[in-house]
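Following: one structure in structure tokens, then a few remarks.
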Amino acid sequence: MTGLLAPGLVWAESQTPVVAPATGYLSQLVGGLVLVLLAIVVLAWFLRRVPGVATPGLGAIRLLAVRSIGVRERLMLVQVGSEQILIAVTATGVTHLHTLAQPIEPPADEPWSGDFASLLERFKRGGKPG
């Protein structure tokens, strides 16, 4: 009846403001932070496990060939300038095995050339990665 007598007069109902609990916002914030930190840790682990991704073979030292001879042992043929050096890499260290008197060219069908891009490209073409 009041609306008919005074059409501009509106009765305001008492409404309590809706306040989002701080714990919901805080849990979203902490969850996002944990997710970002987890992504950084996974990316760092991946870059350490895949040689050639973090350190491309450009420069004076080139990795020509790698052959795994055990779980944590590898033979590596490294070229430094014009010399080629055969080294053994183990969990305890690196050992110089031999300096080649005559440099050799590694075969083109070498399974690991030292960079992730060529390994991925070979895998896309249907070749076995290693």
Side-chain angles (χ1 to χ4, degrees):
M1 177 121 184
T2 310
L4 296 175
L5 297 175
L9 184 62
V10 178
W11 292 95
E13 292 184 20
S14 173
Q15 291 184 351
T16 58
V18 178
V19 177
T23 58
Y25 174 72
L26 187 61
S27 66
Q28 278 185 338
L29 185 68
V30 169
L33 178 64
V34 167
L35 190 65
V36 167
L37 290 176
L38 184 66
I40 290 172
V41 168
V42 167
L43 184 62
W45 175 82
F46 178 74
L47 289 176
R48 288 194 66 194
R49 296 294 293 169
V50 180
V53 173
T55 57
L58 301 175
I61 300 174
R62 287 188 12 201
L63 185 62
L64 298 178
V66 177
R67 182 72 54 200
S68 178
I69 56 173
V71 179
R72 298 185 70 164
E73 296 85 19
R74 294 181 299 226
L75 288 176
M76 294 184 167
L77 182 61
V78 180
Q79 182 165 355
V80 181
S82 62
E83 286 189 341
Q84 289 183 348
I85 303 168
L86 184 64
I87 58 173
V89 179
T90 64
T92 58
V94 178
T95 306
H96 174 267
L97 297 177
H98 185 68
T99 301
L100 299 171
Q102 182 179 9
I104 60 170
E105 286 295 322
D109 196 24
E110 188 68 28
W112 180 254
S113 66
D115 63 320
F116 183 72
S118 65
L119 181 67
L120 183 62
E121 196 60 40
R122 180 177 178 168
F123 184 71
K124 283 181 182 179
R125 288 185 302 216
K128 291 186 179 181

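No donor-acceptor distance shorter than 3.5 angstrom exists from the side chain of Q79 to the backbone of I61, with no hydrogens or angles considered.
Between R48 atom CZ and L43 atom CG the span is 13.0 Å, to the nearest 0.5 Å. Put simply, CD on E73 and OG1 on T95 are 11.0 Å apart, with the number rounded to the nearest 0.5 Å. A distance of 12.5 Å separates CZ of R49 from CG of L47, quoted to the nearest 0.5 Å. The NE2 atom of H96 sits 8.0 Å away from atom CG of L86, with the distance rounded to the nearest 0.5 Å.
Inter-residue side-chain proximity for I87 and V78 is flagged as met; some heavy-atom pair is nearer than 4.5 Å.
Across every non-hydrogen atom of S82 and P103, the tightest pair is O-CG, 3.7 Å.
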Original post:
Given the rule in the side-chain contact (heavy atoms from CB on, under 4.5 Å) test, do T99 and Q84 qualify, once you have shown the distances and angles that lead to the verdict?
Top reply: CA-CA 6 Å; T99 301; Q84 289 183 348; over 6 Å; no

Subject >> Worked check of side-chain contact (heavy atoms from CB on, under 4.5 Å) between L75 and V89 >> reply: CA-CA 6 Å; L75 288 176; V89 179; over 6 Å; no

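Hydrophobic clustering, with ILVMFWY side chains joined whenever heavy atoms are under 4.5 angstrom apart, keeps L77 apart from I69. Hydrophobic clustering, with ILVMFWY side chains joined whenever heavy atoms are under 4.5 angstrom apart, groups I85 together with V94.
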